[in-house]
Amino acid sequence: MSNNFIYVAGLSYRYPGARGAALEAVDLAIPEGSSFALLGPNGAGKTTLLSIMMGLLSPQAGDVSVAGYSIKNDLEKIKSISALVPQDFAFYAKLTGYENLRFFADIYGLSATQWQQQLEYCTHVCQLQDMLSRRTSEYSGGMKRRLNLAIGLLNGPKILYLDEPTVGIDALSRQVVISAIQSLRAQGTTIIYTSHYMEEVEAICDELAIINRGRVVARDRTTNLRQQGTEKSVTLTFAATPSAECLNELRRWPLVQVHERRIELTLSGSDELNAVLDVCKRYQSRIEQMQFGVSRLEQTYLELLKANEAEAGEAAA
């Protein structure tokens, strides 16, 4: 991974008539080629930050630079290497998928050769081949999310901003979107990602920042933040699917079955790990692989938000 690519310095913004600032003195440095998550509750300032980084809003204080360009002086250059996939559907319902892609390709000014290349690439990555001739008003929610992403990929962006790209969709479409993002990451695209689905963040993002009340309250590598939780998790991969009796007894602890042969349990400490292993041994559920010692990201995220809310309450008192 190369040097920092995006710098956010002292960024502040307050909407007219708002009681508080949407962003207040935000500083961030994001490496090129990274997959970076912006996390926070609704109204924390994530979408405002994305809008400023994309040049859709002008900062009232501070600056953002991308690849050495400032949004104050070089906005068109930044836009030419960036794309935003918004939370709302950003296409025309009366047009077909093909017509929407053609329209936005013309907006980007793609040549005929570029258009054909990008059409093939975007429809393949987002698995839209069988839907291009249909009006998008007939698309399912998941297909609309895929088209939203495909439009964002048309100009081959070096930076892709994704604002909750999988909200409210089916499992298959979610996997298509996630696989597409992972492929882009492998190709060196810088990903800026917001989501409330922590399992997606763990799968996609190497680094993250947590924003609350317009301020950055935590910024670290995803793996490091998982280590901070007061509770610990154990991930067990079995040689065969555990019996129903074994799984039922393991539900003494908070359990997530991520795969038929893999489960995650949340434990309060290493003593409970021995009890888990005893259950597995009793039901002859052979363990192929085990990882212990990191908390689920969601737990750490909620702990950090709770601590920040407590500090804000004390400061206001």
Less than 4.5 Å apart, side chain to side chain, heavy atoms only: is that true for Arg219 and Leu28? yes
So, using salt bridge (Lys or Arg N to Asp or Glu O under 4.0 Å) as the criterion, who are the partners of Glu99 when residues are at least two apart? none
Would you say Ser183 and Gln187 are linked by a side-chain donor-acceptor pair, where the criterion is simply a distance under 3.5 Å? yes
Please determine whether the number of non-hydrogen atoms from other residues, nucleotides or ligands lying under 6.0 Å from atom CD of Gln289 exceeds 12. no
For Thr241, is there any backbone N or O sitting under 3.5 Å from a side-chain donor or acceptor partner on Arg261? no
If the condition is salt bridge (Lys or Arg N to Asp or Glu O under 4.0 Å), which residues does Arg282 pass it with, not counting sequence neighbours? Glu249
Any sub-3.5 Å donor-acceptor pair from Lys158's side-chain atoms to Ser82's backbone N or O? no
With no hydrogens and no angle check, is any side-chain donor or acceptor of Asn100 less than 3.5 Å from a backbone partner on Thr96? yes
The criterion is side-chain hydrogen bond (donor to acceptor under 3.5 Å, both in side chains); which residues satisfy it with Ser80, sequence neighbours excluded? none
Pairs where residues 9-22 contributes a residue and the test side-chain hydrogen bond (donor to acceptor under 3.5 Å, both in side chains) is met, not counting sequence neighbours: Tyr15-Thr48
Tell me, please, which residues at least two apart from Tyr108 pass ring pair (Phe, Tyr, Trp, His ring centres under 6.0 Å). none
Check whether any side-chain heavy atom of Ser58 lies under 4.5 Å from a side-chain heavy atom of Ile52, and answer yes or no. no
Set of residues satisfying side-chain contact (heavy atoms from CB on, under 4.5 Å) with respect to Leu56, sequence neighbours excluded: Ser51, Met54, Leu84
Residue pairs fulfilling ring-ring contact (aromatic ring centres under 6.0 Å, His included) with at least one residue in residues 59-101, sequence neighbours excluded: Phe89-Phe91, Tyr92-Phe103, Tyr98-Trp115
Could you note down all residue pairs passing salt bridge (Lys or Arg N to Asp or Glu O under 4.0 Å) where residues 179-194 supplies at least one of them, sequence neighbours left out? Arg185-Asp206
Approximate separation, where rounding is to 0.5 Å, of Phe36 CZ and Leu162 CG: 14.0 Å
For the backbone of Glu32 and the side chain of Thr190, can you confirm whether one donor and one acceptor N or O come within less than 3.5 Å of each other? no
CD1/Ile169 to CD/Gln175 distance, rounded to the nearest 0.5 angstrom? 10.0 Å
Report the residue from Ile159, Leu153, Leu184 that forms a side-chain contact (heavy atoms from CB on, under 4.5 Å) with Thr189. Leu184
Scanning both residues in full, the closest heavy-atom pair of Gly152 with Leu160 reads O-CD1, 3.9 Å
Residues, nucleotides or ligands: over 12 heavy atoms within 6.0 Å of Gln284 CD: no
Quick one: which residue pairs count as a side-chain hydrogen bond (donor to acceptor under 3.5 Å, both in side chains) with a foot in residues 159-174, not counting sequence neighbours? Thr47-Asp163, Arg146-Ser173, Asp163-Thr194, Glu164-His196, Thr166-Glu200, Asp170-Ser173, Arg174-Tyr197, Arg174-Glu200
Using modelled atom types only, decide if a donor and an acceptor are shared between the side chain of Ser179 and the backbone of Val176 within a distance under 3.5 Å. no
Got a sec, which residues hit salt bridge (Lys or Arg N to Asp or Glu O under 4.0 Å) with Arg135, two or more places apart in sequence or on another chain? none
Using the salt bridge (Lys or Arg N to Asp or Glu O under 4.0 Å) rule, collect all pairs that involve residues 71-80, keeping only residues at least two apart or in two chains. none
If you round to the nearest 0.5 Å, how far is CD of Glu24 from CD1 of Ile211? 13.0 Å
Would you find a donor on one side and an acceptor on the other, under 3.5 Å apart, between the side chain of Ser111 and the backbone of Gln114? yes
Derivation of the side chain to side chain contact (heavy atoms under 4.5 Å, CB included) call for Ile204 and Tyr193: CA-CA 9 Å; Ile204 294 171; Tyr193 191 84; 3.9 Å; yes
Please determine which of Thr266, Leu265, Asn248 meets the side-chain contact (heavy atoms from CB on, under 4.5 Å) test together with Leu255. Leu265
Holding to salt bridge (Lys or Arg N to Asp or Glu O under 4.0 Å), I want the full list of residues that pass it with Glu120, two or more places apart in sequence or in another chain. none
Can you tell if the side chain of Asp220 reaches within under 4.5 Å of the side chain of Leu208, non-hydrogen atoms only? no
Hey, is the main chain of Glu309 close enough, under 3.5 Å, to the side chain of Asn212 for a donor-acceptor pair? no
